[in-house]
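Structure, as structure tokens:
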Amino acid sequence: MQVTLPDGKTLELPDGATGADVAKAIGPGLAKAALGTRINGELADGMTPVPDGAHIEIVTSKDDAWMQLARHTLAHVMAQAVREMMVDEGFDANAVKLAIGPVIEHGFYYDMDLPRALGPDDLPALEKRMRKIVKANLPLRRFALSRSEALAHYETLGDPYKVELIEDLPEGETITFYEQGGDDGFTDLCRGPHLPATGKIPKHFKLMSVAGAYWRGDERRPMLQRVYGVAFATEEELKDHLWRIEEAKRRDHRRIGQDLEIFTIDDDIGPGLPLWLPRGAVMVDEIETLAKEMEADAGYQRVRSPHLSKESLFLKSGHLPYYEEDMFPAMELDHVRYFVKPMNCPFHHKIYDARPRSYRELPLRLAEYGTCYRYEDSGALMGLMRVRSMQMNDAHIYCTEEQFADEFVGVIRLYLKYFELFGIESYEMRLSKHAKEGLGKKYVDEPELWLKTEAMVRDVLIEHDIPFVEAEDEAAFYGPKIDVQIKSAIGREFTLATNQVDFAQPRRFDLTYVAEDGQKHTPLCLHRAPLSTHERLVGFLLEHFAGDLPLWLAPEQVRIVPIADRHVAYAERVQQDLQAAGLRAEVDARSERMNAKIRDAELLKVPYTVVVGDQESDAEVVSFRSRQEADSSDVPLATFVAHLQAARDARALKVTPLSQGS
RNA sequence: GCCAACGUAGCUCAGCGGUAGAGCAGCCGAUUCGUAAUCGGCAGGUCGUCGGUUCAAUUCCGACCGUUGGCUCCA
């Protein structure tokens, strides 16, 4: 047989030759450096036979992809180390049952069913064993077994996970194993690809954590133990990665939220029920003001509704059969069950239905900062990002089918305006659809309508060149939606904005409008929350800005520092002028040294610190230090006030520096 | 919800079988000072809660509550 090399040359080889054989045929230097292969562009290892006529590239450490091989082999090394440790502790080797051990971004993990629980304290010892295995430089060997041999192997060992994996492999697929260290070493069912020997693994790896993980991600199946590790080609990359993790912790909104006195969560109040501290409440107020302005411009009307209602409302909306698990349990009053609302939509439907509607009124856009309560799983709660009490930037748009596309795009344009204002550049739009397997009890069972609305949403997005990805089984129970996914500082993904189509509830509520033809028709409803909830948005913004908020959002915009007591009067004069311009300013009149006051203002990340002493009070000027522009002195007070006012009014992300600006 | 770890003063953390300690924050006093911590003093905790073991528990064990990480990456 023959293969083609990257330079176009062909190479004649005996049948069954592997990537390593190709490297050997090219030259001894390359054979030594070879870590893996690319077969027709796809990453493979040197142990895998190459097919006749394939394009072959030899992967060396110059090819970044080689770390995938190293990470995969490390997963095996780790599993081997875990088993050795368990055996040394007196457990039977077969009590260590292996599930899966894939490569992930930056590293690897292995899911295992173990005779005892691992804790973080076990990681250093495990890592030590791993380094020993790496040092032993065990060569890897790849071999194939027939389906029945493979099944028999794992049935003998009593490993139900591997048995299940093999059973799920398509008939006729080659079932491969990788072995290292012979009979005393380690053998694992594995597709590969791997490094040729454990000694090729770079020593820049680290075990990070242990965690539980359901077998195949299914909560009805056994909980396995997962050990996570990271691995890099160089020490610098590893250090950089660990530094980034530390940096992310500093950005975590829970850290910043405490340091900047934005919110707190108190045991006596309950999990997921945050309290807004005064500084946080200022942020929320600013966000509400912003949304009110934007929505007034976009033709929304404001409404208000109660926090709870009778059961009948939620039966009608469909929340009770479909959503009850996520709702706080009912309270019973006079033999009637009441629920605290998890969403505002049923109330808005009733507002729509308060009187007959004409097509002339559509689209009707009803907006409310409704406070909702959802009984989220305790394990899902996280600071402000996932809570049980939340205030939504909510609105419902009732429109005709013809108006749908414009309204839908209008909402997406609203998102984009907000994102520009906040400087949000990293996000993903996701079209969330019902499960491929069908509708079932999770969703309103209207198959044709699902397909129709999903197609409508997709068409609108494509028509307007809005990039998106599609996701099965992520829809709301009443219809498909567009979510905007963002990542928190520590890398967890959250939905920020959402725009959902609802074809079910208007019908269930018997909502109608009279059209030009004099007939009653059912409107479509869009649920939209472009700014998510106040909680999640503030949490996200704290991380996004690392606490350095734009002037308009900053709870305290100016901190005025008098140098000595005799300057307090002038400091208060400065404060009054700022406050008269609607700016939030505080005077630090403590009996502290100026340096201490400046430090405290910096730690609170107050955007502007004004220092006033003899020079300033004599000349009616200010000297400021800023987190957003260069420090400046001898600025006339009125100029300074106007400067901040302009930045605030523009809701500028970055202040135009005074020296250059008007 | 499930698996694991953690829970000591407002915050960050030390102590770990003989009923608690630091720094910062707070309060009082002195200091009045030019761009990131002035000095001194005082006060502050039923060591998450409830049980158990023990002569004795913050410390050991159990349950509960709460927090954190993970539960998407499919040999």
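Side-chain atoms are counted along with the backbone in the values below, which use heavy atoms only and exclude waters and symmetry mates. Below, chains carry the letters A, B, ... as their sequence lines are ordered, and counting in each starts from 1. Please read all numbers here as calculations on a predicted model, not as lab measurements.
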Looking at every strand, decide which applies to [X] at a 4.0 Å heavy-atom threshold: base, sugar-phosphate, or nothing.
X        : answer
A:Arg220 : nothing
A:Thr174 : base
A:Glu493 : nothing
A:Leu603 : base
A:Ile175 : base
A:Gly217 : sugar-phosphate
A:Asp377 : base
A:Thr176 : base
A:Tyr228 : sugar-phosphate
A:Asp565 : base
A:Leu98  : nothing

Are the aromatic ring centres of A:Phe339 and A:His319 under 6.0 angstrom apart? no

A:Phe640 ring center within less than 6.0 Å of A:Phe624 ring center: yes

Is there a donor and acceptor pair closer than 3.5 Å between the side chain of [X] and the base of [N]?
X        : N     : result
A:Tyr214 : B:G1  : yes
A:Gln258 : B:G10 : no
A:Glu173 : B:A75 : yes
A:Arg599 : B:A37 : yes

Think A:Arg593 has a side-chain N or O under 4.0 angstrom from the OP1 or OP2 of B:C33? no

Hey, is the side chain of A:Arg625 poking within less than 4.0 Å of OP1 or OP2 on B:A36, counting only N and O atoms? yes

When you compare [N] with [M], how far apart are their [atom1] atoms, in angstrom units rounded to a whole number?
N     : M     : atom1 : value
B:A20 : B:U58 : C1'   : 8 Å
B:C55 : B:A63 : P     : 24 Å
B:G17 : B:A56 : C1'   : 8 Å

Parallel, tilted or perpendicular for A:His194 and A:His76, by the 30°/60° rule? tilted

For A:Glu629 and A:Pro657, the nearest pair of non-hydrogen atoms, with its separation, is OE1-CA, 3.3 Å

Of A:Arg254, A:Lys249, A:Arg255, which meets salt bridge (charged side-chain N to carboxylate O under 4.0 Å, His left out) against A:Asp252? A:Arg254

